[in-house]
Asks: 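Here it is, the structure in full.
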Amino acid sequence: MGDNGEPSGFSEEAMRGLYDMELRLPPPDIYGRLPAEQAPPPRPHYWGHRERLRQRFLSGGHAAMPEYELLELVLFNAIDRIDVKPLAKTLLATFGDLNGVVAASEHRLLQVAGTTPRVWLQLRIVEAIAHRMARAKVIQKCALASWDELLAYCRTVMAYRDTEQFRILFLDRKNVLIADEPQAKGTVDHVPVYPREVAKRALELNASALILVHNHPSGDPTPSQADISMTRQIEIACEAIGVVLHDHVIVGKGEELSFRSHGLI
């Protein structure tokens, strides 16, 4: 009884119920562990891996992390609760490296078992951020004075595309980059370009000079005869309106080729 005369603790009936329940439970082993059928399932080997990887990235940065771990961090936002390390390694093996994974087309990416539209979305976000950051280093700056940064930008946006793309960099009279526009998309080995349209767009933007850029999905930046002929036609069209063609750069996967450096302009 409590101080106020009320019953305290468990009733006798409740205590008998607890005792009966204990009798029905299987006894623990000599170490106090529950039998296997009563024990919770073992934790998977990757338990806590995501948080450990996030903390390692935050504390030490990305420099010491292999590419598959960086890709895992991206995949965490697209795939819940499962171990994504095998998928990260498969994607890298399929597309060569992190650049290849990020630039992979939707069709090819979704052919890899385990990928989903959410994975495609996360990679597109990463690609967009990379493009914006690279572009910020060259836009509204003298293209000829920041040539290395310009090539790095072209490499970022074009080197790993699986189809050809033709871009024009429009410069003002001080060679400051005022616009960067993709003009055409093509196949794996051809992109249609119309010199008249190039000259027309230069007039619309009041550009004084141009730099042409296109990629070779094969990875080899060696110009074809069609590339050389098309460049000459654009040069003639630009000369007619007083616009200078500074260069034509072909972007490969490991290197770039400048027409001017090779005496082709």
Side-chain angles (χ1 to χ4, degrees), residues 40-138 148-165 167 182 185 187-189 213-221 250-257:
R43 291 179 175 180
H45 70 279
Y46 55 85
W47 188 278
H49 171 67
R50 294 189 174 203
E51 185 57 28
R52 290 193 298 271
L53 196 57
R54 290 189 184 105
Q55 291 304 319
R56 192 148 58 82
F57 173 77
L58 290 174
S59 62
H62 69 88
M65 300 179 73
E67 286 194 337
Y68 76 84
E69 289 187 338
L70 290 175
L71 187 52
E72 281 187 81
L73 289 168
V74 175
L75 295 176
F76 289 166
N77 296 322
I79 301 175
D80 297 328
R81 292 185 294 278
I82 69 169
D83 183 9
V84 296
K85 184 186 296 184
L87 177 57
K89 291 186 174 182
T90 298
L91 289 170
L92 289 168
T94 302
F95 298 106
D97 60 15
L98 196 55
N99 288 314
V101 174
V102 171
S105 68
E106 182 178 14
H107 173 71
R108 292 193 62 203
L109 187 75
L110 294 180
Q111 287 181 325
V112 178
T115 58
T116 66
R118 289 183 63 187
V119 171
W120 161 253
L121 172 62
Q122 289 301 315
L123 293 174
R124 295 288 63 70
I125 293 171
V126 171
E127 182 183 47
I129 293 172
H131 287 189
R132 290 289 183 92
M133 293 179 68
R135 186 175 185 272
K137 294 181 179 180
V138 296
D148 289 344
E149 288 83 358
L150 190 68
L151 290 181
Y153 167 64
C154 295
R155 195 179 304 123
T156 298
V157 299
M158 301 179 76
Y160 288 84
R161 296 180 60 88
D162 54 11
T163 57
E164 283 199 13
Q165 183 186 66
R167 306 178 76 92
K185 298 178 182 179
T187 63
V188 295
D189 60 2
V213 188
H214 86 278
N215 64 307
H216 279 181
S218 67
D220 180 2
I250 299 179
V251 179
K253 284 188 170 64
E255 60 179 329
E256 299 78 40
L257 183 141

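Since we're looking at a predicted model, the values are computed, not measured.
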Asks: Roughly how far apart are Arg81 CZ and Arg50 CZ, rounded to 0.5 Å?
Replies: 9.0 Å

Asks: Residues in salt bridge (Lys or Arg N to Asp or Glu O under 4.0 Å) with Glu255, at least two apart?
Replies: none

Asks: One thing to verify: whether Lys85 and Glu69 come together as a salt bridge, which I'm taking to mean a side-chain N less than 4.0 angstrom from a carboxylate O.
Replies: no

Asks: How many angstroms lie between atom OG of Ser105 and atom CG of Leu110, to the nearest 0.5 angstrom?
Replies: 8.5 Å

Asks: Between Arg155 and Val251, which heavy-atom pair has the shortest distance, and what is it?
Replies: CA-CG1, 4.1 Å

Asks: Flag yes if more than 12 heavy atoms outside His62 fall under 6.0 Å of its NE2 atom; otherwise flag no.
Replies: no

Asks: For the pair Thr115 (side chain) and Leu109 (backbone), establish whether a donor and an acceptor sit closer than 3.5 Å, ignoring hydrogens and angles.
Replies: yes

Asks: So with a 6.0 Å cut-off around CZ of Arg108, is the heavy-atom count from everything else above 12?
Replies: no

Asks: Is any side-chain heavy atom of Gln165 closer than 4.5 Å to a side-chain heavy atom of His214?
Replies: no

Asks: Minimum heavy-atom separation for Val213 to Met158, with atom names?
Replies: CG1-SD, 3.6 Å

Asks: Measure the CG-CZ distance between Leu73 and Phe76 for me, rounded to the nearest 0.5 Å.
Replies: 5.5 Å

Asks: Output the distance between atom CG (Leu91) and atom CG (Leu123), rounded to the nearest 0.5 Å.
Replies: 7.5 Å

Asks: Do you know which two heavy atoms are closest between Arg167 and Tyr153, and how far apart they sit?
Replies: NH2-OH, 3.5 Å

Asks: Going by heavy atoms in the side chains, are Leu75 and Arg118 under 4.5 Å from each other?
Replies: no

Asks: Let me confirm one number: the CG-CG distance from Leu98 to Leu92, rounded to the nearest 0.5 Å.
Replies: 6.5 Å

Asks: I need the Arg132 CZ to Thr156 OG1 distance, nearest 0.5 Å.
Replies: 14.5 Å

Asks: Should the pair Arg124 and Trp120 be classed as cation-pi, given the thresholds of under 6.0 Å to the six-membered ring centre and 45° from the axis?
Replies: yes

Asks: So, does Asp220 use its side chain to make a donor-acceptor pair with the main chain of Gly252 at under 3.5 Å?
Replies: no

Asks: Run the side-chain contact (heavy atoms from CB on, under 4.5 Å) test against Asn77 and tell me which residues pass, sequence neighbours left out.
Replies: Gln122

Asks: Could you check whether any side-chain heavy atom of Met65 comes within less than 4.5 Å of a side-chain heavy atom of Phe57, counting everything from C-beta outward?
Replies: yes

Asks: Does a side-chain heavy-atom distance below 4.5 Å link His49 with Glu72?
Replies: yes

Asks: Are any non-hydrogen side-chain atoms of Cys154 and Glu256 less than 4.5 angstrom apart?
Replies: no

Asks: May I ask you to test the Tyr160-Asp97 pair for a side-chain heavy-atom distance under 4.5 Å?
Replies: yes

